[in-house]
Amino acid sequence: MAVSAAEDDTQIDSKLQNTIDRLQALELVTGDDKGQLNLENPITRAEFATLVVRARGLASGVPLAKYQTKYSDILVSDWYSGWINVASGEGLVKGYPNNTFGPNNNVTYAEAATMLVRALGYEPSVSQAGWPNNFIAKAAELGISDNVQIDPNKPATRADVFMMLDNSLDIDLMKQVTYGSQIEYKAVPGTSLVEDYLNVIVYDMDWYTEDDLDNEYDADDLPFVTGVPAVELGDLEEDEITLASGFSGGLKGTYKVSNGINPNEFAGQHVQVWVKESSNVIVWMEPSEDEEVLNTTFDAFSFDGDDLDGDNYDDDNVDLDDEDEIRVELGGRKYEFADNAAFVYNYQKIDDMQEFIETVIENSDVDGMQTKAVLNGQGQINYIHIVDDVQGDQESDYKFGSEVVKEIDAEDLSLEFFDGDDLDFEDLEEGTDFIVLRNGERATFGDLKPLDVVNVYYAGGDEDKRIVVATSKTVEGTVEKVTIKSDTDNRLVINGETYRMRGDVTISDDDNETAEVANDDDIRDLYDDEVTLYLDSSGRVRHILVGEGNDNTVKAVVTKDAYYDPGRDELTFEVVDEKGVSGKKVVITDADDISFENDDDDIDSDNLKDYVDVFNVVSSKKPVFVELELDDEGDVESVEVLDSDDLQHMDADTFGDESEEDTLDGDDITDSTVVFDLTGDLKKSGDRDEIDDADTTKWSYVEGDDHEVYYITEDGDVEYVFVISNSITSEGTFGYVKEFSKSTDDTAIIINEDGEEKEYKLDGDYEDARKEFADSDLIYFELNGDDEIDLDSVEVIATLDDDFLDGDGYEINKNYSQVDDVVVGRVVDFDKSEVELEVATGNDFDEKTFQLSNAVIVFDDEKVRDADEDDLVILVDTDDNSDKYDFVLVLDEPADEYSRAEVEEFLKQVAQSGEEPGGDDLIKEEDVEAKGVALAGAYFYTVEAPAGTVDKDAVVEVTLGGQTKTAEVNSDGSFGPLEFATEDKATKATINVTLGDKEDEEEISVSVAE
């Protein structure tokens, strides 16, 4: 099952899509009862146990194992009982000391790494440095965590777990190789989860390199693609491929391919494959890394240095069989043909080089045609396929088109084109008699859309064996210039780019209701008109819509906070649009695609990270209303943030009184009024806020009720209504509860974030409040419309009402949702900007430094100036704008009043997740990669570093070859790549890192490829 926006709640990139397709083909992952994979959700321990049992090929033992449970919280009737019992019995997972397993607990990244290291057999090689850092380090060493950012204590998302499992599939297994008194474990080349446990045949780069201990094979022995459905339709189904091998016993014959693999991409190439033996299905396929493939354009053939064309190719002095003199020019460079070269033209195999050249010149004597060529080790062409995607209005033995689709009859399988032609597929079977490729991907007839530009090629010259190649590519803008090259060669200039016509171009001025073939005067009269150009795959104009055309915009409300991904340089958030489409993901890759209706709101930055707060669900306390511009596929091209000043506010009581059947405060509710229902709970998705169940609704469902709303009117009509939850508009804050007061108004005295003592009214009585929190608590709270503490909003972060070391107090809420971080420690050194603490890290205790942000320090119910050496403290970071801590709570007694065991018990409440750069060591210089290459008498370099190299607030300057550049540090501590160019070779670079008043300078080596 391919995951699409319609099938899953998340649009995903191609790498993750391929991972999911592969895992599904291996029968390792499935969706829920609706087929959803819920990729952004965490994964439970029961679900993870199921994954590792499948990956180890142990699923057959699950039915009987359900009766062998040893954990007190697992029943025989639980769906996961057998899976957990098998996983536990094999040592792949472990329970808790109290004999429970916690099947519904979320798996953290540290736990996921640990279980996969065990599944691969590497637990004996893990260092004893302390969990989880030892297992996380081993997972990184093995490549399990490649392309996944590990945050040890956070719940792992299903998407990241799938990536980690996929990374694990082909890692060499560690096995016991000696027995008796000298037990030894080693990684065994040629073993892996897929080969040893999933019955998969593997031919990849390691197969003939690292795993080929006897040097029997080389790159040419990888499977070779001899047939693909686009060329051999009728003999091959759309999901089949034919392979051959260069040695006896290799893969040979026809194989099925799993979803996500387009077999046509690999025609004529050596490939790496995994084949599932039980089903003979290829579950993974990638090209050989040792073979060069050109995807380029055709320029010309030449003989003895002279270009060949329709006028001279059959001259007496031209020998098209002379391989020594024949060349083909592709993308501006000439190539020879190998002796055993294979030739394809418009999806038809051609027997030899002479026939190939004649066929191409006689049918397509034009340049710029799409061409794929595969080169051998000598740089000669082994395989070539030229596709005439340039010429329009063709109806030959090889192709039909290109034509522009006017209407599609999906039931009768027919296409009607704007020029009056039509094409009938009714008697043809999809997948056997025809296949569809749309925008370069496998598709179906149902995926075709009006205004697609279509070429139809005839496989093997049979008009009933069709390759439908569709393109959806448009350009919009004002015609700035009409260039006249000849009476029949007119070109349009839009946005500074020139677009050529191809064949009989059609034109419409009635929103594509009708169209006719444009003459020269029609084209030349387009100057200064607004037009939409519909292009073929080569970029030539096939159809013109005059006027602005359809309104490809939709208004929407942000329902999930924006997230900036530094690796992909993408900004992502979710919306509900005015058509009621909820959970729609918006991905922005260029800051220029973000604009503001109100110029005062504009952000002058090219860095997408600077726009994160714009698309924050609660930061503005109003709905974030945007207008999305969509492409023809419905994907978002750009976003405009609409002026929030246009939003009129009405509180709940007033709305209940002023909203009527057809009016709101005197303005008319019409059939066009859009009502957004944003009353769902505000929930956390990782660190991002999300409005649950956001949707559109009917006015009749909300009018007259006590809802807080915003709305927009125009000319006496209500255009938009936003019915909101008070969780969006409430103002949350933090404070230390000093005491309660019970009188006319029950109140609480709180030391707030500004260090001020302030008395707050309670929205209930004292007894109700004491059920939620107590004096000496640090709490998060919100105020209602009467400036009272909303008791339902209170979250206790830390409790200080008793002595933890003697009783039950000093408890830390480890499931907090309103703060960024909590740290407990013993003070080693303290000043106003930072504190050095002894903290627990796993089973060890280390000294680490933490930055303070004008912190409020509380001791004995009073605000104080500092903490002393040996004090026991709790640090709380209450916001998400830095890693600095805002509250310091000092316990009543210092550490020397307790035994060492008691102090350690206190520190272990919140263990820290590993080492950070300490002292002035501000960079992990060993992780920085600096490399260069010599080109054209100069040297070009890049310097970059992965996540965790520096603090996200650090300033990084890199000096190389006398040039100094400042790196942009991402939120995960990565930076680069920085680019340098020098005339002389540089072998060293200097990195200067500044963080606050600390500075660190390191020299690193530069590797240069000559």
Side-chain angles (χ1 to χ4, degrees), residues 94-100 102 108 110 128-134 152-153 736-738 751 773-779 795-816 819 821-831 834-852 855-878 885-916 918:
K94 296 181 180 179
Y96 298 120
N98 63 355
N99 197 40
T100 63
T108 66
Q128 301 304 308
W131 189 87
N133 292 344
N134 52 352
N153 296 324
Y736 176 84
V737 182
K738 183 173 181 178
I751 301 175
F773 62 99
D775 49 324
S776 300
D777 283 354
L778 179 69
I779 64 171
E795 179 177 293
V796 178
I797 309 303
T799 299
L800 307 179
D801 57 346
D802 290 306
D803 190 340
F804 172 82
L805 303 172
D806 292 329
D808 300 321
Y810 295 124
E811 295 177 0
I812 309 300
N813 175 8
K814 299 176 184 177
N815 296 313
Y816 50 77
V819 299
D821 196 19
V822 175
V823 174
V824 298
R826 181 185 66 83
V827 176
V828 178
D829 190 26
F830 192 100
D831 66 35
E834 66 180 23
V835 58
E836 185 177 356
L837 300 179
E838 179 191 17
V839 296
T841 54
N843 295 319
D844 295 326
F845 299 90
D846 296 316
E847 294 181 0
K848 298 179 66 176
T849 299
F850 300 88
Q851 304 296 312
L852 303 180
V856 177
I857 307 169
V858 178
F859 171 69
D860 194 21
D861 286 346
E862 299 291 340
K863 178 186 175 186
V864 297
R865 296 173 60 90
D866 55 26
D868 296 328
E869 181 180 353
D870 214 37
D871 277 346
L872 298 174
V873 297
I874 302 171
L875 309 185
V876 179
D877 179 7
T878 64
Y885 291 79
D886 307 285
F887 273 91
V888 179
L889 308 182
V890 184
L891 275 62
D892 292 343
E893 302 292 343
D896 60 12
E897 293 292 323
Y898 305 100
S899 69
R900 179 60 188 175
E902 290 174 321
V903 172
E904 290 183 357
E905 182 183 2
F906 170 74
L907 299 181
K908 287 179 179 179
Q909 283 190 100
V910 184
Q912 299 302 297
S913 57
E915 301 279 345
E916 292 181 358

Can you name the closest pair of heavy atoms from [X] and [Y] and give their distance?
X: Ala855; Y: Tyr885; result: CB-O, 3.7 Å
X: Lys848; Y: Val839; result: CD-CG2, 3.7 Å
X: Val737; Y: Ala774; result: CB-O, 3.6 Å
X: Ala895; Y: Leu872; result: CB-CD2, 3.8 Å
X: Gly825; Y: Leu907; result: CA-CD2, 3.4 Å
X: Asp892; Y: Phe859; result: O-CE1, 3.7 Å

Would you say the side chain of [Y] lies within less than 4.5 Å of the side chain of [X], judging by non-hydrogen atoms?
X: Arg900; Y: Phe845; value: yes
X: Tyr736; Y: Val856; value: no
X: Asp877; Y: Phe850; value: no
X: Val873; Y: Leu891; value: no
X: Val888; Y: Val835; value: no
X: Val858; Y: Leu778; value: no

side-chain hydrogen bond (donor to acceptor under 3.5 Å, both in side chains) partners of [X], counting only residues at least two apart:
X: Glu897; value: none
X: Glu836; value: none
X: Asp831; value: Ser833
X: Asn98; value: Thr100

Quiz prompt | Qualifying residues under salt bridge (Lys or Arg N to Asp or Glu O under 4.0 Å), relative to Asp870, sequence neighbours excluded | solution =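 Result, salt bridge (Lys or Arg N to Asp or Glu O under 4.0 Å) vs Asp870: Arg826.
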
Quiz item: Sequence neighbours excluded, which residues qualify as salt bridge (Lys or Arg N to Asp or Glu O under 4.0 Å) partners of Arg865?
Solution: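 Testing Arg865 for salt bridge (Lys or Arg N to Asp or Glu O under 4.0 Å), a comparison that skips the adjacent residues, returns none.
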
Quiz item: After noting the C-alpha distance and the side-chain angles of Ile797 and Thr878, does the key distance pass the side-chain contact (heavy atoms from CB on, under 4.5 Å) rule?
Solution: CA-CA 10 Å; Ile797 309 303; Thr878 64; over 6 Å; no

Exercise. Determine yes or no for a side-chain-to-main-chain donor-acceptor pair under 3.5 angstrom, with Asp871 supplying the side chain and Val890 the backbone.
Key: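 Side chain of Asp871 to backbone of Val890: no pair is present.
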
Exercise. State the CD-CD distance between Gln851 and Glu834, to the nearest 0.5 angstrom.
Key: 5.0 Å

Exercise. Carefully, step by step, assess Val827 and Asp868 under the rule side-chain contact (heavy atoms from CB on, under 4.5 Å).
Key: CA-CA 7 Å; Val827 176; Asp868 296 328; over 6 Å; no

